[in-house]
Participant: 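Let me give you the structure first, and then I'll get to my questions.
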Amino acid sequence: MSPLHTRVRFIMVSPTHPGNVGSAARAIKNMGFGDLVLVNPKDSGILAHEEAQALASGATDILEAAQIAPDLDTALTGITLAFALTARTRDMGPPSLDIRQTAQLSRTHLNNHTDTHIAIVLGTERTGLDNDDISRCHRICHIPANPVYSSLNVSQALLLAAWELNYAMQAPPTARHTNTAPPAVASNPLPTVTQELSGRPDRLLSTPAHGYTDIAERDYAPAEKVEAFINHWESALIGIDFLNPNHPKKLMPRMRYMFTRIHMTQEEVDMMRGVCTNILKTVYRP
């Protein structure tokens, strides 16, 4: 498998069924990946559960290497592009891509930047991801399915996502830079993947949806840096009485969606944290 596979993480939020965790591990190994993180599972021993071990079926090494994180922010540490995999439409949230667009954008992002990592975030078996989880991701990702019965088992959804990512990342370098005609049965054409004007074969531009373009020169900030800035920003808004912490309404979720949607660079994060620092210095100046 390509080196890109080592920079992909699958995150399962609050899993409850050991069998799904085992099946997810098997799917991850089937497609050449290896990074699995569980966020606050119902059973802290879920990775060693006999059902998980049985359904992993030869992928117990993925379970042994898997990490358990106390929250999604921790699980996203080091991630520069996160996708929330959900079947439900949202009134508020990041732009939505289908799974094939997600795979193409992921490949482009990883090819453009040597120090980037992407994550596919999946929710609980019963309710999926909540809005707070989604607000921590840059894009919503969905799997086109039967509109009258689109709900997938979480391990099935993970397998489909892993297959698309693996397929995109195995494309030979020359094929990655050519326009791919969609199959005759496809109702929507696949997004164009073009070579950057500089002519470098390792730097790609892709516009899967909503005019989103991954730019090779941008130093995208990892999730933990953006989260630290948003917490700093919240403190600054409270300091100038723009945000009432006792009645916050939807201000901070909307702010979070805005900042994740624009996919901030490290320079932008540093600049905005400087703004926050000066706001707080001015507000609390003796």
Participant: Hey, are the side chains of Ile118 and Leu110 touching, using non-hydrogen atoms and a 4.5 Å cut-off?
Facilitator: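 In contact.
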Participant: Less than 3.5 Å apart, any donor N or O on the side chain of Asn111 or Thr108 sitting next to an acceptor on the other?
Facilitator: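 Not at all, the side chains of Asn111 and Thr108 share no donor-acceptor pair under 3.5 Å.
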Participant: Can any side-chain N or O of Arg7 pair as donor or acceptor with the backbone N or O of Thr116 at less than 3.5 Å?
Facilitator: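 Yes, Arg7 side chain to Thr116 backbone: donor-acceptor pair under 3.5 Å.
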Participant: At what distance, to the nearest 0.5 angstrom, does CD of Gln170 lie from OG of Ser2?
Facilitator: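 Interatomic distance, Gln170 CD to Ser2 OG, rounded to 0.5 Å: 7.5 Å.
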Participant: Specify the closest pair of heavy atoms between Pro41 and Ile46, including all atoms of both residues, with the distance to one decimal.
Facilitator: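 Taking Pro41 first and Ile46 second, the nearest heavy atoms are CB-CG2, 3.9 Å.
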Participant: Rounded to the nearest 0.5 Å, how far does CZ of Arg26 lie from CG of Asn30?
Facilitator: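 Nearest 0.5 Å value for the CG-CZ distance: 6.0 Å.
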Participant: Do the ring planes of Tyr220 and His109 sit parallel (below 30°), tilted (30 to 60°) or perpendicular (above 60°)?
Facilitator: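 Ring orientation, 0 to 90° scale: tilted.
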Participant: Tell me whether Leu55 shares a hydrophobic cluster with Ile28, the cluster being built from Ile, Leu, Val, Met, Phe, Trp, Tyr side chains joined at under 4.5 Å.
Facilitator: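 No, separate clusters.
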Participant: Taking His263 for its side chain and Thr80 for its backbone only, find out whether a donor-acceptor pair lies under 3.5 Å.
Facilitator: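 At least one qualifying donor-acceptor pair exists.
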Participant: Ala75 and Ile11: which non-hydrogen atoms are nearest, and at how many Å?
Facilitator: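 That closest heavy-atom pairing would be O-CD1, 3.6 Å.
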Participant: Would you indicate whether the side-chain heavy atoms of Arg9 and His117 approach each other to under 4.5 Å?
Facilitator: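 Side chain of His117 against side chain of Arg9, heavy atoms only: no contact under 4.5 Å found.
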Participant: Please find the pair of heavy atoms, one from Ser135 and one from Tyr257, that lie closest to each other, and give the distance.
Facilitator: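 Heavy-atom minimum between the residues: CA-CE2, 3.3 Å.
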Participant: Using the ring-ring contact (aromatic ring centres under 6.0 Å, His included) definition, which of the options Phe10, Phe33, Tyr167 pairs with His5?
Facilitator: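 Of the listed options, the one satisfying the test is Phe33.
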Participant: Would you say the side-chain atoms of Glu164 pair up with the backbone N or O of Ala161, donor to acceptor, closer than 3.5 Å?
Facilitator: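 No; judged by distance alone, with no hydrogens or angles, the pair does not exist.
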Participant: Specify the closest pair of heavy atoms between Leu63 and Ala56, including all atoms of both residues, with the distance to one decimal.
Facilitator: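 The answer is CD1-CB, 3.7 Å.
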Participant: Flag the pair His232 / Leu280 as yes when at least one side-chain heavy-atom distance between them is below 4.5 Å, and no otherwise.
Facilitator: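 Sidechains of Leu280 and His232: in contact.
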Participant: Can you tell me how far the CG atom of Asn146 sits from the OG atom of Ser151, to the nearest 0.5 Å?
Facilitator: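 Output value for this atom pair is 11.5 Å.
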Participant: Step by step, work out the side chain to side chain contact (heavy atoms under 4.5 Å, CB included) result for Val21 and His49.
Facilitator: CA-CA 10 Å; Val21 174; His49 193 281; over 6 Å; no
Participant: Could Glu234 and Arg256 be called an ion pair, given the rule that one side-chain N must be under 4.0 Å from one carboxylate O?
Facilitator: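 Salt bridge absent between Glu234 and Arg256.
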Participant: Could you check if a side-chain atom of Met264 sits within less than 4.5 angstrom of a side-chain atom of Met272, using non-hydrogen atoms only?
Facilitator: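 Of all side-chain heavy-atom pairs linking Met272 with Met264, at least one is under 4.5 Å.
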Participant: Any chance you could lay out the side chain to side chain contact (heavy atoms under 4.5 Å, CB included) test for Leu160 and Leu152, step after step, and finish with the verdict?
Facilitator: CA-CA 10 Å; Leu160 290 172; Leu152 289 167; 3.9 Å; yes
Participant: Is it possible for you to say whether Leu243 and Tyr284 belong to one hydrophobic cluster, with membership spreading through side-chain heavy-atom contacts below 4.5 Å?
Facilitator: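 In one cluster: yes.
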Participant: Between Leu72 and Val121, is there a side-chain heavy-atom distance shorter than 4.5 Å?
Facilitator: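 Yes. Closest side-chain heavy atoms under 4.5 Å.
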Participant: Do the ring planes of Trp233 and Phe229 sit parallel (below 30°), tilted (30 to 60°) or perpendicular (above 60°)?
Facilitator: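 Taking Phe229 first and then Trp233, their aromatic rings sit tilted (interplane angle of 30° to 60°).
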Participant: Is there side-chain contact between Thr16 and Arg126, with at least one heavy-atom pair below 4.5 Å?
Facilitator: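 Contact flag for Thr16/Arg126 side chains = no.
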Participant: Distance check, rounded to the nearest 0.5 Å: Leu159 atom CG versus Met31 atom CE?
Facilitator: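 These two atoms lie 5.0 Å from each other.
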Participant: Test your reading of the model: is there a side-chain donor-acceptor pair from His17 to the backbone of Gly19, 3.5 Å cut-off?
Facilitator: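 No, because the side chain of His17 does not come within donor-acceptor range (under 3.5 Å) of the backbone of Gly19.
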Participant: Check whether any side-chain N or O of Lys29 sits under 3.5 Å from a backbone N or O of Gly58 as a donor-acceptor pair, and report yes or no.
Facilitator: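 Judged by distance alone, yes, a pair lies under 3.5 Å.
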Participant: What are the two closest non-hydrogen atoms of Arg107 and Ala168, and how far apart are they?
Facilitator: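 Looking at all heavy atoms of both residues, the shortest contact is CD-O, 3.3 Å.
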Participant: Rounded to the nearest 0.5 Å, what separates atom CD1 in Ile238 from atom CD1 in Ile279?
Facilitator: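 Spacing of CD1 (Ile238) from CD1 (Ile279) equals 12.5 Å.
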Participant: Where do Phe242 and Leu251 land on the side chain to side chain contact (heavy atoms under 4.5 Å, CB included) test, with the steps shown first?
Facilitator: CA-CA 10 Å; Phe242 190 81; Leu251 179 61; 3.8 Å; yes
Participant: Is there a path of hydrophobic side-chain contacts, each under 4.5 Å between heavy atoms of I, L, V, M, F, W or Y residues, that connects Val154 with Tyr149?
Facilitator: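 No, it is not one cluster - the side chains of Val154 and Tyr149 are not joined through contacts under 4.5 Å.
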Participant: Other residues, nucleotides and ligands only: do more than 12 of their heavy atoms fall within 6.0 Å of CD on Glu224?
Facilitator: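 Yes, because the 6.0 Å sphere around CD of Glu224 holds more than 12 heavy atoms from other groups.
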Participant: Looking only at heavy atoms, which two atoms of Cys137 and Pro94 are closest? And how far apart?
Facilitator: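 Closest approach of Cys137 to Pro94: O-CG, 3.7 Å.
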Participant: Using modelled atom types only, decide if a donor and an acceptor are shared between the side chain of Arg136 and the backbone of Glu227 within a distance under 3.5 Å.
Facilitator: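 No, because the side chain of Arg136 does not come within donor-acceptor range (under 3.5 Å) of the backbone of Glu227.
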Participant: Within the distance-only criterion (no hydrogens, no angle test), does the side chain of Gln53 pair as donor or acceptor with the backbone N or O of Leu47 below 3.5 angstrom?
Facilitator: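 Checked: pair present.
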Participant: Say whether, by atom type as modelled, one donor and one acceptor occur between the side chain of Thr6 and the main chain of Pro3 under 3.5 angstrom.
Facilitator: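 Present.
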Participant: Would you say that Cys141 contacts Leu97 through its side chain, given a criterion of any heavy-atom pair below 4.5 Å between the two side chains?
Facilitator: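 SC-SC contact between Cys141 and Leu97 ruled out.
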Participant: Measuring only between side-chain heavy atoms, which start at C-beta, is Val39 closer than 4.5 Å to Asp133?
Facilitator: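 No; the side chains remain at least 4.5 Å from each other.
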Participant: With rounding to the nearest 0.5 angstrom, report the CE to CE distance, Met252 to Met258.
Facilitator: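 The distance works out to 9.0 Å.
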Participant: Does any N or O in the side chain of Ser23 come within less than 3.5 Å of the main-chain N or O of Asn20, such that one atom is a donor and the other an acceptor?
Facilitator: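 No, Ser23 side chain to Asn20 backbone: no donor-acceptor pair under 3.5 Å.
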Participant: Looking at Leu85, is its backbone amide N or carbonyl O close enough to the side chain of His142 to form a donor-acceptor pair, meaning the two atoms are under 3.5 Å apart?
Facilitator: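 Looks like no, no N/O pair under 3.5 Å.
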